[in-house]
Amino acid sequence: MAGIRLENINKKFGKTEVLHQVNLEIGDGEFVVLVGPSGCGKSTLLRLVAGLEDITAGNIFIGDALMNRIEPQHRNIAMVFQNYALYPHKNVRENIIFGLKRAHAPKDVIESRLSKVVNILGLEDFLARKPAQLSGGQRQRVAMGRALVRDAKVFLFDEPLSNLDAKLRNQMRSEIRRIHREYQTTSVYVTHDQVEAMTLGERVVVIRDGYIEQQGTPMEIYLHPDNIFVATFIGAPSMNILDARLFDGYVELEGCKLVMENGTPGQHRELPKTGLPVKLGIRPDFFIDRRHAGDGEALAVIHNARIDLIEPLGFDKELDVQIGSQLMKVRLDLRTQATEGDTIDLCVDMRRTHLFDIDTGQRLQ
Amino acid sequence: MDLSIAQRESRLGWRFIAPSVGVIGLLIIYPILYNIYLSFFDVKLTGDKLFIGLANYQRLLSDAAFYGAAITTVLYLVGTVVGSTIIGLMVALLMNMTFPFRNLVRTLILLPYFAPVISVVFGWQFIFDPVNGIYNHLVVDVLKISSSRHSLIGNPNSALGVVILFDIWKHFPLSYMLIISKLQSINKDQYEAAAMDGCGPIGRFVHVTLPELYFVLGTLMLLRMIWNLNKFEDVFLLAPNVETLPIFTYYAAFTGIIDQGFAASISVVQFGVLALLIYFYVKKVLKW
């Protein structure tokens with residue numbers, strides 16, 4: 001096993017620069033998720049680590065070894081591809097052990113590793129089958145098995161779950177977690193699905209347009225997004241970004257005075273507080289119906305929000321509400337009795353909200 | 001009558017293929033059967049036929065010239081089928097890489113296949129002409145490899161080589177076309193996965209490209225085998241002295257002492273061998 005270090009990575013396809021000065025350090029045994037919208041460069045970054053693309057500038061280290069010009073077959077990494085990329089003419093067993101055989105591993109090593117992997121993935125009954133005779137989930141497992149059996153220094157995952165249905169995806173997600181706990185191999189996982197990023201990653205790296213926007217533990221990123229992009233990208237439904245004005249001790253939103261009880265003025269000391277236009281970020285999950293708000297809590301209140309639409313989801317209800325001229329998503333629990341067309345008073349804990357610069361989108365601190 | 005949907009569909013199917021079954025029967029099956037029938041007769045030029053049983057076959061199997069033609073045919077088949085497939089494969093691999101003017105080159109490669117046989121045959125005969133040909137000029141005058149001029153086409157032994165070379169040159173574009181269309185459909189991550197598994201370029205070719213091409217190569221070789229076992233004009237026009245079985249048959253049937261019954265027996269044997277060959281090939285190689 002080994003860590004990965006990326007120094008000032010630059011990648012151009014022709015004249016288009018898709019990665020700009022990326023620096024990233026991944027610790028030994030760490031599980032890091034690269035997440036971002038399609039076309040942000042996350043897959044390219046992964047392929048650079050794999051050696052499937054050449055870097056334009058910068059350095060890639062795996063362990064202490066410089067990998068810039070090393071062919072993929074000599075990097076001792078294993079990769080799970082989005083389309084699995086199994087050998088169609090080899091059966092499951094041959095697919096899994098092919099890499100070991102190429103490395104001239106002794107027979108007993110091959111057999112013991114194979115049986116361990118097959119056991120973990122539950123592939124015992126399929127060893128003699130060809131990939132065409134397997135379901136999508138089974139192929140996925142074989143692709144995982146092929147990577148696991150190799151005892152590689154690094155595992156790379158390129159959106160491995162995106163071709164599975166929702167149920168199978170959840171199942172495989174937990175399985176990947178379980179496997180990582182068992183093998184403790186340094187892993188880099190690429191996805192555009194923020195749920196996967198949150199649930200799998202020990203550390204999440206959010207990428208946009210070839211830049212790293214933010215990195216941190218899933219909860220750090222969820223609770224303290226550095227900018228509007230990260231705030232809206234992570235979390236579903238996405239964070240509401242509203243036009244508001246910042247005053248001393250409160251934020252004014254569509255005529256409502258949202259008091260910041262807990263010393264927000266201190267955090268924003270250097271800012272002019274006489275009506276500075278800001279973006280106010282509130283996650284749909286952090287609203288509370290005023291009728292169900294506890295007494296002791298210091299909550300700001302948004303009055304007279306008009307309910308456009310209610311989508312019951314079981315435990316939760318998702319509401320589209322309008323305040324003044326602005327729309328936002330609100331998620332309330334099933335106690336809420338309001339119906340479409342009603343107005344409702346919504347409480348929010350201002351400590352859970354975010355202020356962003358109206359021009360740069362960066363968090364105001 | 002109450003027919004199920006499947007039954008009605010299969011009847012409709014029969015009605016659709018009836019015309020082509022009729023035409024094939026008339027143009028192919030009838031001549032084959034008639035040919036088999038003829039092979040048991042001594043056919044006079046007047047049209048009279050005398051039943052002689054297996055005498056034609058006896059004569060054929062004791063004819064040294066027949067075995068000579070059979071050996072020539074085997075050499076011709078192996079040389080052309082293997083040669084054009086390998087060249088086609090190599091060119092396809094090359095053309096699958098990216099380089100400037102690739103599309104133009106890809107098109108130019110097909111030219112030999114488009115060109116009419118009769119015109120390119122003259123070109124080839126000119127190349128190997130003992131007096132004025134480029135080949136002899138190069139070998140004798142320029143490179144000075146040999147001190148005397150040779151008529152490669154005039155000599156039946158070397159003519160076989162020229163004929164094989166000609167066929168490879170003329171028909172490798174077909175192999176190339178079929179192979180490259182399959183090459184282009186091979187998923188790129190197959191190669192990447194193989195690289196992850198520790199395969200270099202050769203390993204990737206052996207473990208990804210070849211298995212993917214297996215059935216294309218197999219089908220290609222089958223088709224070329226059938227075509228070339230029956231190939232007449234390419235050989236006859238370029239070097240009439242190379243006696244493969246079709247040409248041997250032609251000489252027996254239409255030249256010298258014309259003997260159509262004997263010629264019929266040659267083509268029956270040839271047909272039988274071809275049928276057997278195809279049967280085993282399809283079973284073992286194509287696994288139908």
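Both backbone and side-chain heavy atoms feed into the values below; hydrogens, waters and symmetry mates do not. Just so it is clear, the model here is predicted, and its values are computed rather than measured.
For B:Ile5, the CD1 atom is loosely surrounded, since the number of other residues' heavy atoms within 6.0 Å does not exceed 12. At most 12 non-hydrogen atoms from other residues, nucleotides or ligands lie less than 6.0 angstrom from CZ of A:Arg177. Around atom CZ of B:Phe205, more than 12 heavy atoms belonging to other residues, nucleotides or ligands sit under 6.0 Å away. When the shell of 6.0 Å around CG of B:Leu143 is examined, it contains more than 12 heavy atoms from other residues, nucleotides or ligands. The environment of CZ in B:Phe99 is crowded: more than 12 heavy-atom neighbours from other residues, nucleotides or ligands sit within 6.0 Å. Atom CD of B:Glu9 has 12 or fewer neighbouring heavy atoms from other residues, nucleotides or ligands inside a 6.0 Å radius. Remark: A:Asp165 CG is packed, more than 12 non-hydrogen atoms of other residues, nucleotides or ligands lying under 6.0 Å away.
Neither the backbone nor the side chain of A:Arg75 comes within contact range of chain B; no heavy atom of the residue lies under 4.5 Å from a heavy atom of that chain. For a residue to count as touching a neighbouring chain, one of its non-hydrogen atoms must lie under 4.5 Å from one of that chain's; by this rule A:Tyr87 touches chain B with backbone and side chain alike. Interface remark: A:Leu156 contributes no atoms to any contact with chain B (heavy atom separation under 4.5 Å). Of the atoms belonging to A:Ala50, heavy atoms from both backbone and side chain fall under 4.5 Å from chain B.
The shortest non-hydrogen separation linking A:Arg102 to B:Gly200 is NH2-N, 4.4 Å. Across all their heavy atoms, A:Lys90 and B:His207 have their closest contact at NZ-ND1, 3.3 Å. Nearest heavy atoms, B:Cys199 versus A:Gln73: O-CD, 3.5 Å. Scanning all heavy atoms of the two residues, the minimum distance from A:Pro88 to B:Gln190 falls at CD-OE1, 3.4 Å. Between B:Ala193 and A:Arg146, the closest heavy-atom pair is CB-NH2, 3.5 Å.
A salt bridge does not link B:Asp197 to A:Lys101: none of the charged side-chain nitrogens sits closer than 4.0 Å to a carboxylate oxygen.
The main-chain N or O of B:Met196 is found under 3.5 Å from a side-chain atom of A:Arg150 such that the two form a donor-acceptor pair.
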